[in-house]
Enquirer: 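So that we are looking at the same thing, I have put the structure below in structure tokens.
Keep in mind that what you see is a predicted model, and the values were worked out from it rather than measured. Both ligands and their constituent atoms are indexed starting at 1 by order of listing. Along the sequence shown, residues carry numbers from 1.
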Amino acid sequence: MTTQSTSVERILGFGTDSGHTFGTVEIAYETFGTLNADRSNAILIEHALTGDTRVTEWWAGVVGPGEAVDTDKYFVVCANSLGGCSGTTGPQSTYDDGLAYGSRFPRVSIRDMARLEHNLTQILGIDSWVAVIGGSMGGARALEFALLDNRKVRKCAVIAAPAFCEADQIAWAMMQERAIELDADYYSGDYSAVGRFPGHGLGLARQIAHLTYRNDADLNERFSRRLRSEDYYEVSSYLDHQAKKLTARFDPHSYLVLTRALRDHDVRRGRSSDLTVALADACTDNLVVSVSSDRLFPPEQVGILAEALPGRVRHNVIDSPVGHDGFLTETEKISAVLADFLND
Ligand SMILES: CC(=O)SCCNC(=O)CCNC(=O)[C@H](O)C(C)(C)COP(=O)(O)OP(=O)(O)OC[C@H]1O[C@@H](n2cnc3c(N)ncnc32)[C@H](O)[C@@H]1OP(=O)(O)O
Ligand SMILES: N[C@@H](CCO)C(=O)O
């Protein structure tokens, strides 16, 4: 049975790309397995947009005892992202006045998230991670983590994520932001102070997002024109279910903060407009994975990242009908490429 623990570290005076300085930031993380004597067997896993620290749950079959990311062999760390709602400082965290940050929560970037985890790396006393691995927003986080200091990580696996978001992803994000902001219960983000919760906005945002996580052919195959009841299609019922699931476990303002961070993801910002130059300081042992039917981050866009990375780069396209969420559901295929990468 793998040893597991949940911890929170406090970092003082943390500055963001947007110019804000947090007096104190808390970072929540879970660890799985045991750190060896020379602290050389650690792997950092980065969760996606609505993920959390429970990586052996949301990536069961990929991370766990005897899995590709073997928690009996590696010391696996999974931290909740800055701006999240699973223990790390986010919009619902308490500000200096004892109230939730709410509308006072600053714009945070993927790079801020990675920078915070470099603080965690220092606290854990890890000189160099075996690998940093992430899917979707987690892939963007992994990429920025390696770019901030590639001496701190030996391998980098970016799954279903690009070097920068394009107009199509910005457009999908905009509709999700508007869905939450236009909810009468949003109160500019200060809804918890007035005891409200913009669940309808979050649910609609999730339904928009979920359509980008699934492939159209997959949805047509699964649901066709079947009715659940009079004038209520099965596919509508499926999307209502996804909305209900997320609103039961996620904070709307966090969703907004993280969606904006991913929308603004661009490794070239502050480095170089030439992608190859911007990635020059990335890890030199890279795995890039895309999902064949992904219509959020298509293989062609992910391939642009693979082409521009330095050093050794493998680009595997996972064959799946599912779409973007294939990085979560195709556990056997994801495990196979990750195992090869880690054992090489
Ligand atoms: C990397 C990360 O950070 S992941 C972070 C996000 N984590 C999560 O989303 C955790 C929850 N995980 C999941 O939702 C799934 O594991 C995902 C995201 C991987 C999707 O996996 P899939 O197996 O393809 O699930 P799918 O999207 O088809 O949804 C199945 C659900 O829809 C329900 N469903 C299917 N059809 C219908 C319908 N017509 N009407 C209502 N409900 C329906 C199923 O009963 C099932 O319900 P459940 O989720 O309560 O078990
Ligand atoms: N469906 C997963 C992946 C999205 O990129 C999530 O909700 O985080």
Enquirer: Considering only the protein, which heavy-atom contact is closest to atom 5 (O) of ligand 2, and what is its distance?
Expert: Ser136 OG, 2.6 Å

Enquirer: To check your reading of the model: name the closest protein heavy atom to atom 4 (C) of ligand 2, its residue, and the distance in Å.
Expert: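 Closest protein heavy atom to atom 4 (C) of ligand 2: Tyr213 CZ, 3.4 Å.
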
Enquirer: Quick one: look up the protein heavy atom nearest atom 6 (C) of ligand 1 and list residue, atom name and how far away it is.
Expert: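 The answer is Thr50 OG1, 3.3 Å.
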
Enquirer: Can you tell which of Thr329, Leu262, Asp325 gets a heavy atom nearest to atom 1 (N) of ligand 2?
Expert: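 Looking at heavy atoms only, the winner is Asp325.
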
Enquirer: Give me the residue, atom name and distance of the protein heavy atom closest to atom 21 (O) of ligand 1.
Expert: Thr329 CG2, 3.4 Å

Enquirer: Report yes if some N/O of Trp58 lies less than 3.5 Å from some N/O of ligand 1; otherwise report no.
Expert: no

Enquirer: Can you confirm, on distance only, whether ligand 1 has an N/O atom lying under 3.5 Å from any N/O atom belonging to Tyr238?
Expert: yes

Enquirer: Only one of Arg268, Arg115, Arg269, Arg111 clears salt bridge (Lys or Arg N to Asp or Glu O under 4.0 Å) with Glu144; which?
Expert: Arg111

Enquirer: I'd like to check atom 15 (C) of ligand 1 in this structure: does the protein have a heavy atom lying under 4.0 Å from it?
Expert: no

Enquirer: Atom 1 (C) of ligand 1: protein heavy atom closer than 4.0 Å?
Expert: yes

Enquirer: Among protein heavy atoms, which lies nearest atom 6 (C) of ligand 2, and at what distance?
Expert: Thr50 OG1, 3.3 Å

Enquirer: Could you tell me, atom by atom, which parts of ligand 1 come under 4.0 Å of a heavy atom of Asp325?
Expert: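 So the answer, numbered in order with elements, is 18 (C).
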
Enquirer: Test ring-ring contact (aromatic ring centres under 6.0 Å, His included) on Phe164 and His265; report intermediate values, then the result.
Expert: CA-CA 5 Å; Phe164 52 91; His265 166 60; 8.2 Å; no

Enquirer: Within the 4.0 Å heavy-atom shell around Phe327, which atoms of ligand 2 are there?
Expert: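 So the answer, numbered in order with elements, is 3 (C).
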
Enquirer: So which protein heavy atom does atom 39 (N) of ligand 1 come closest to, and at what separation?
Expert: Glu234 OE1, 2.7 Å

Enquirer: At what distance is the nearest protein heavy atom to atom 28 (O) of ligand 1, and which residue and atom is it?
Expert: Arg222 NH2, 2.7 Å

Enquirer: For atom 51 (O) of ligand 1, decide whether some protein heavy-atom distance is shorter than 4.0 Å.
Expert: no

Enquirer: Evaluating non-hydrogen atoms only, which member of Glu46, Met137, Lys245 is closest to atom 11 (C) of ligand 1?
Expert: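 Of the listed residues, Lys245 has the closest heavy atom.
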
Enquirer: When you measure from atom 33 (C) of ligand 1 to every protein heavy atom, which one gives the shortest distance, and what is it?
Expert: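 Minimum-distance protein heavy atom for atom 33 (C) of ligand 1 reads His241 CD2, 3.7 Å.
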
Enquirer: Which residue is it: His47, Arg54, Glu26? I am looking for the one with a side-chain hydrogen bond (donor to acceptor under 3.5 Å, both in side chains) to Asn80.
Expert: His47

Enquirer: Could you tell me whether the side chain of Tyr191 reaches within less than 4.5 Å of the side chain of Asp251, counting heavy atoms only?
Expert: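 Heavy-atom side-chain distance check passes, below 4.5 Å.
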
Enquirer: Which residue is it: Thr284, Asp344, Asp285? I am looking for the one with a side-chain hydrogen bond (donor to acceptor under 3.5 Å, both in side chains) to Lys155.
Expert: Asp285

Enquirer: Heavy atoms only, cut-off 4.0 Å: how does Phe327 contact ligand 1, side chain, backbone, both, or neither?
Expert: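 Looking at Phe327 and ligand 1, just side chain atoms fall under 4.0 Å.
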
Enquirer: Before you tell me yes or no, could you show the steps for Phe223 and Tyr238 under ring-ring contact (aromatic ring centres under 6.0 Å, His included), namely the whole-Å CA-CA distance, both residues' side-chain angles and the distance that decides it to 0.1 Å?
Expert: CA-CA 9 Å; Phe223 302 109; Tyr238 168 71; 4.8 Å; yes

Enquirer: Looking at Ser136 and Gly138, would you say the former's side chain and the latter's main chain have a donor-acceptor pair under 3.5 Å?
Expert: no

Enquirer: Looking only at protein heavy atoms, which one is nearest to atom 7 (N) of ligand 1, and what is the separation?
Expert: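 Closest protein heavy atom to atom 7 (N) of ligand 1: Arg249 NH2, 3.5 Å.
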
Enquirer: Could you find the nearest protein heavy atom to atom 40 (N) of ligand 1 and give me its residue, atom name and distance?
Expert: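 Among all protein heavy atoms, the one nearest atom 40 (N) of ligand 1 is Ser237 OG, 2.6 Å.
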
Enquirer: Can you tell which part of Arg206 has a heavy atom less than 4.0 Å from ligand 2: side chain, backbone, both or neither?
Expert: side chain

Enquirer: Any idea which atoms of ligand 1 are less than 4.0 Å away from a heavy-atom of His47?
Expert: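 Reading through ligand 1 atom by atom, the close ones are 3 (O).
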
Enquirer: Fit a plane to each ring of Phe22 and Phe105, take the angle between them on a 0 to 90° scale, and name the class: parallel (under 30°), tilted (30 to 60°) or perpendicular (over 60°).
Expert: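 Tilted.
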
Enquirer: Please list, in number order, the atoms of ligand 1 under 4.0 Å from a heavy atom of Gly51.
Expert: 3 (O), 5 (C)

Enquirer: Would you say Asp240 and Ser237 are linked by a side-chain donor-acceptor pair, where the criterion is simply a distance under 3.5 Å?
Expert: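 No, because no side-chain N or O of Ser237 sits under 3.5 Å from a partner of the opposite role on Asp240.
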
Enquirer: What residue and atom, counting heavy atoms only, is the protein's closest point to atom 30 (C) of ligand 1, and at what distance?
Expert: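 In this structure, atom 30 (C) of ligand 1 has Gln242 NE2, 4.2 Å as its nearest protein heavy atom.
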
Enquirer: Would you call His324 a ligand 2 contact, heavy-atom distance under 4.0 Å?
Expert: yes

Enquirer: Using a heavy-atom cut-off of under 4.0 Å, does the side chain or the backbone of Leu246 touch ligand 2, or both, or neither?
Expert: neither

Enquirer: With atoms numbered from 1 as shown, which atoms in ligand 1 lie under 4.0 angstrom from a non-hydrogen atom of Phe223?
Expert: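 Taking each heavy atom of Phe223 in turn, ligand 1 has 36 (N), 39 (N) under 4.0 Å.
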
Enquirer: Determine whether any protein heavy atom is located less than 4.0 Å from atom 45 (O) of ligand 1.
Expert: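 No, because not a single protein heavy atom sits under 4.0 Å from atom 45 (O) of ligand 1.
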
Enquirer: Out of all atoms in ligand 1, which are within 4.0 Å of some heavy atom of Arg228? Include the element for each.
Expert: 38 (C), 39 (N), 40 (N)

Enquirer: Are Gln242 and Tyr213 linked by a side-chain donor-acceptor pair shorter than 3.5 Å?
Expert: no

Enquirer: Please could you name the atoms of ligand 1 that Arg206 approaches to less than 4.0 Å, counting only its heavy atoms?
Expert: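 Result: 9 (O).
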
Enquirer: For a side-chain contact (heavy atoms from CB on, under 4.5 Å) with Arg141, tell me which candidate from Ile110, Val158, Val132 qualifies.
Expert: Ile110

